[in-house]
Amino acid sequence: MILAHWTYSKQEWNAFVRSERKQKGIIYYMMYLLFSTAYKKIPEVKITPELVCIGANQQYFSSGRHYLTQINIREEGIINIIEIAYQCTNASAKKRGEIIIPVPKGKLREAFEVEERLLSDAALCQ
């Protein structure tokens with residue numbers, strides 16, 4: 001089941017990429033320069049109860065090996081961001097991860113609905 005399916009304008013996606021570059025520092029910026037064609041492509045985002053698809057990339061946050069720990073929606077400059085935090089259940093690798101998703105203009109209400117749905121699903125699983 002798809003909870004959200006978003007596409008972005010070039011301006012929205014570029015604003016998101018710029019804000020991520022600033023936060024992650026020089027290494028991220030160098031990767032951006034080296035692989036800029038991959039970042040210049042404007043992906044679509046699909047959010048399901050188990051994973052986020054950004055273009056062809058899939059990131060799980062709720063599965064047999066992952067569990068959701070937190071969701072935040074925050075304003076970051078001119079864009080809003082959903083941040084999904086998760087942890088791996090593998091005892092030997094207590095790895096934490098986060099998925100950062102820009103919220104397209106006009107989709108903030110939908111983002112709050114996604115947040116509410118994911119939190120209620122996570123509560124049911126515990």
Worksheet item: Does the side chain of Arg109 come within less than 4.5 Å of Glu113's, by heavy atoms?
Response: yes
Response to the item:
Rounded to the nearest 0.5 Å, the CG atom of Leu108 sits from the CD atom of Glu75 at a distance of 9.0 Å
Worksheet item: In Å and rounded to the nearest 0.5 Å, what is the CD1 to CD distance from Ile71 to Glu83?
Response: 10.5 Å
Worksheet item: So, Glu44 side chain and Gly55 main chain: donor-acceptor pair closer than 3.5 Å or not?
Response: no
Worksheet item: Heavy atoms, side chains only, cut-off 4.5 Å: are Tyr67 and Ser62 in contact?
Response: no
Worksheet item: Side-chain heavy atoms under 4.5 angstrom apart, residues restricted to Ile, Leu, Val, Met, Phe, Trp, Tyr: same cluster for Tyr8 and Ile73?
Response: yes
Worksheet, complete the sentence: The reported gap from CD1 in Ile47 to CE in Met1 (rounded to nearest 0.5 angstrom) is 13.5 Å
Worksheet item: Can you tell me how far CD1 of Ile54 sits from CD of Gln59, rounded to the nearest 0.5 angstrom?
Response: 5.5 Å
Practice prompt. Return yes when atom CD of Glu116 has more than 12 non-hydrogen atoms of other residues, nucleotides or ligands closer than 6.0 Å, and no otherwise.
Written response: no
Discussion item. Quick check: is Ile99 connected to Leu51 through a chain of hydrophobic side chains (ILVMFWY, heavy atoms under 4.5 Å apart)?
Written reply: no
Practice prompt. Measure the shortest side-chain to side-chain distance between His66 and Gln87 over non-hydrogen atoms and say whether it is less than 4.5 angstrom.
Written response: no
Practice prompt. For the residue pair Lys107 and Trp6, establish whether any side-chain heavy-atom pair is separated by less than 4.5 Å.
Written response: yes
Fill in: Pairwise distance NZ(Lys46) to CD1(Ile101) - rounded to 0.5 angstrom
14.0 Å
Worksheet item: Are Tyr60 and Leu68 connected in the hydrophobic side-chain network, where two residues link if heavy atoms are under 4.5 Å apart?
Response: no
Practice prompt. Find out whether Glu76 and Asn80 are in side-chain contact, i.e. whether some heavy atom of one side chain is under 4.5 Å from a heavy atom of the other.
Written response: no
Fill in: Evaluation steps, side chain to side chain contact (heavy atoms under 4.5 Å, CB included), between Val103 and Ile81
CA-CA 6 Å; Val103 178; Ile81 300 287; 6.0 Å; no
Discussion item. What's the separation between atom CD1 in Ile79 and atom CZ in Phe16, rounded to the nearest 0.5 Å?
Written reply: 6.5 Å
Worksheet item: Short question: side chain of Thr89, backbone of Gly64 - any donor-acceptor pair under 3.5 Å?
Response: yes
Worksheet item: How close do Asp121 and Pro49 get, heavy atom to heavy atom, and via which atoms?
Response: OD2-CB, 3.9 Å
Worksheet item: Is Glu110 close to Glu115 at the side-chain level, that is, under 4.5 Å between some pair of heavy atoms?
Response: no
Discussion item. Measuring only between side-chain heavy atoms, which start at C-beta, is Thr48 closer than 4.5 Å to Leu3?
Written reply: no
Practice prompt. Go through the steps for Asn72 and Ile82 under the test side chain to side chain contact (heavy atoms under 4.5 Å, CB included), then give the verdict.
Written response: CA-CA 6 Å; Asn72 292 317; Ile82 293 181; over 6 Å; no
